[in-house]
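Only one structure is covered here, and it is reproduced in the block below.
Lettering of chains follows the sequences in order, A, B, ..., and the numbering in each one begins at 1.
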There are 2 protein chains.
Amino acid sequence: MRYYIKMNDDIIIWLERLSALHKSQIRKSAAIEGVQLVHLEILQYLSICNKYSNTAQGISEYLGQTKSSISQSLKFIEKVGHIKREPNSNDKRSYQIFLTKDGKECIKRMNESSTPDLSEVGDIVGNIKTILYKWQEQNDLKGFGQCKSCYFNKILEKGGFQCGLTQEPLSETDIQQICREYKFK
Amino acid sequence: MRYYIKMNDDIIIWLERLSALHKSQIRKSAAIEGVQLVHLEILQYLSICNKYSNTAQGISEYLGQTKSSISQSLKFIEKVGHIKREPNSNDKRSYQIFLTKDGKECIKRMNESSTPDLSEVGDIVGNIKTILYKWQEQNDLKGFGQCKSCYFNKILEKGGFQCGLTQEPLSETDIQQICREYKFK
DNA sequence: TTTATATAGTATCGCATCTAAACTAACTTG
DNA sequence: CAAGTTAGTTTAGATGCGATACTATATAAA
């Protein structure tokens with residue numbers, strides 16, 4: 001007995017292939033860099049997340065792995081020299097994690113070797129975002145997203161932006177990054 | 001020093017989030033089913049691949065993991081009862097792998113719990129395929145794809161389809177599945 | 001036919017990830 | 001100040017993973 005594949009299922013097939021391919025690519029880069037898959041996934045996350053999201057807990061939520069697992073991975077990539085930690089001034093239990101020069105170079109090599117060149121962009125991004133938000137929403141997951149499309153992000157009259165949650169000012173660069181506290185508007 | 005994020009990089013951010021989310025979802029389902037992440041990935045692949053692709057080697061290429069690793073995983077999910085193997089009549093070294101009733105139910109549960117409902121489809125599928133093919137192409141990877149859009153697939157005058165590689169007739173259902181030998185046209 | 005080479009899959013080993021559970025420390029709430 | 005929550009670590013056991021070496025079959029070249 002075969003499966004009857006519905007229209008909507010087509011999307012899933014391609015999404016799953018996309019994910020498998022992505023994972024496969026990262027794994028390849030990891031082998032070249034002499035680290036494990038998860039280590040590069042962490043570095044990649046750190047390269048795009050904002051200052052409210054670069055914690056062990058944030059990584060755990062993003063990657064869907066337990067804190068304990070992430071904790072061990074962080075220990076390793078810190079020893080190797082890809083990241084450095086700095087105590088969080090607001091919360092003594094917590095610390096922020098940053099990529100070192102070494103870690104940034106590592107991610108740069110990875111991106112160069114595995115990023116598709118998509119010249120004619122069109123509304124691909126919009127479509128992907130649609131999929132993503134629906135998926136996150138329906139599964140009651142932490143909704144990571146870019147500040148620039150976040151409910152809390154305010155555009156200031158005098159120029160620049162402000163986060164409605166923390167009241168902190170945000171730069172043009174800041175709002176490109178993704179945040180743990182993202183809320184769909 | 002922050003990163004300057006280019007236009008094209010936006011796509012990558014969303015793609016990577018999509019992949020992370022997908023992985024995270026599968027991991028959750030795996031925990032519920034009492035198996036490992038990779039086991040569900042294998043079952044999922046088997047549920048969409050065609051009869052030329054349901055081998056250990058095919059799984060290895062799709063998931064980007066070594067044969068030895070896949071071999072061990074297969075041993076486990078066979079023991080658990082999710083798959084069964086049948087010798088390949090053409091090649092005595094090889095065998096085909098099929099989902100058992102049990103395995104199909106497992107995948108069904110997984111899909112139901114983690115598939116986004118995308119009513120307004122639009123050309124999302126087309127966009128995702130574009131990304132996928134470019135990505136695979138540029139990285140010289142085995143290009144998994146559906147027979148219906150494959151270079152080798154022929155539409156017969158008397159109805160139905162035929163694979164130009166194996167010369168075998170293909171049904172409407174067959175051409176929905178993905179194949180190891182897929183070639184972009 | 002013989003030889004060489006490639007391919008499909010397995011077995012074993014050591015390392016590294018992963019989760020669960022128990023833990024410390026700090027923050028928050030009543 | 002007591003109770004509950006949250007951030008992160010540690011340990012232990014199970015298991016994935018790649019490397020290597022292996023068997024068996026298929027294919028190509030001599």
Discussion item. Please confirm whether the shortest side-chain N or O distance from B/Arg85 to OP1 or OP2 of C/dT10 is below 4.0 Å.
Written reply: yes
Discussion item. With a 4.0 Å limit, can you tell me whether B/Ser94 has a side-chain N or O closer than that to the phosphate oxygens OP1/OP2 of C/dG9?
Written reply: yes
Worksheet item: A/Ala31 or A/Ile97: which one's nearest nucleotide on DNA chain D is closer to the 5' end?
Response: A/Ile97
Item to complete: For B/Glu41 and for A/Gln57, find the nucleotide of DNA chain D with the closest heavy atom, then tell me which residue's nucleotide is more 5'.
Response: A/Gln57
Worksheet item: Less than 4.0 Å between a side-chain N and a carboxylate O, is that true for B/Lys23 and B/Glu41?
Response: no
Worksheet entry | Value in whole Å for how far the P atom of C/dC15 lies from CD of A/Gln36 | 13 Å
Practice prompt. Specify the separation, in whole Å, of atom CG of B/Asn90 and atom P of C/dT7.
Written response: 18 Å
Discussion item. Less than 4.5 Å apart, side chain to side chain, heavy atoms only: is that true for B/Glu105 and B/Lys101?
Written reply: yes
Worksheet entry | First-last contacting nucleotides on DNA chain D - partner chain B, under 4.0 angstrom, heavy atom | D/dT15 to D/dA26
Discussion item. If you count every heavy atom of other residues, nucleotides or ligands that lies below 6.0 Å from A/Leu156 atom CG, does the total exceed 12?
Written reply: yes
Worksheet entry | Euclidean distance, A/His39 NE2 relative to A/Phe76 CZ, rounded to 0.5 Å | 5.5 Å
Worksheet, complete the sentence: Here the gap from A/Ile97 atom CD1 to A/Thr55 atom OG1, rounded to the nearest 0.5 Å, amounts to 6.5 Å
Discussion item. Need one value for A/Asn88: base, sugar-phosphate or nothing, where a base atom within 4.0 Å counts as base even if backbone is also close, heavy atoms only.
Written reply: nothing
Practice prompt. Please name all residues satisfying ring pair (Phe, Tyr, Trp, His ring centres under 6.0 Å) with B/Tyr45, sequence neighbours left out, ordered by chain then number.
Written response: B/Tyr62, B/Phe144
Worksheet entry | Exam field: side chain B/Ser19 to backbone A/His22, donor-acceptor pair closer than 3.5 Å | no
Worksheet item: Any luck finding a side-chain donor-acceptor pair between B/Gln176 and B/Lys148 under 3.5 Å?
Response: yes
Discussion item. Looking only at the side chains, is there a donor atom on one of A/Gln96 and A/Arg85 sitting less than 3.5 Å from an acceptor on the other?
Written reply: no
Worksheet item: Does any residue of residues 64-79 of chain B have a heavy atom under 4.0 Å from DNA chain D, and if so, which ones, in number order?
Response: B/Gln65, B/Thr66, B/Ser68, B/Ser69, B/Gln72
Discussion item. Quick check: on DNA chain C, is the nucleotide nearest A/His39 upstream (toward 5') of the one nearest A/Lys92, or the reverse? Name the residue that is more 5'.
Written reply: A/His39
Worksheet entry | DNA chain C: 5'-proximal contact among B/Arg27 and B/Arg93 (nearest heavy atom) | B/Arg93
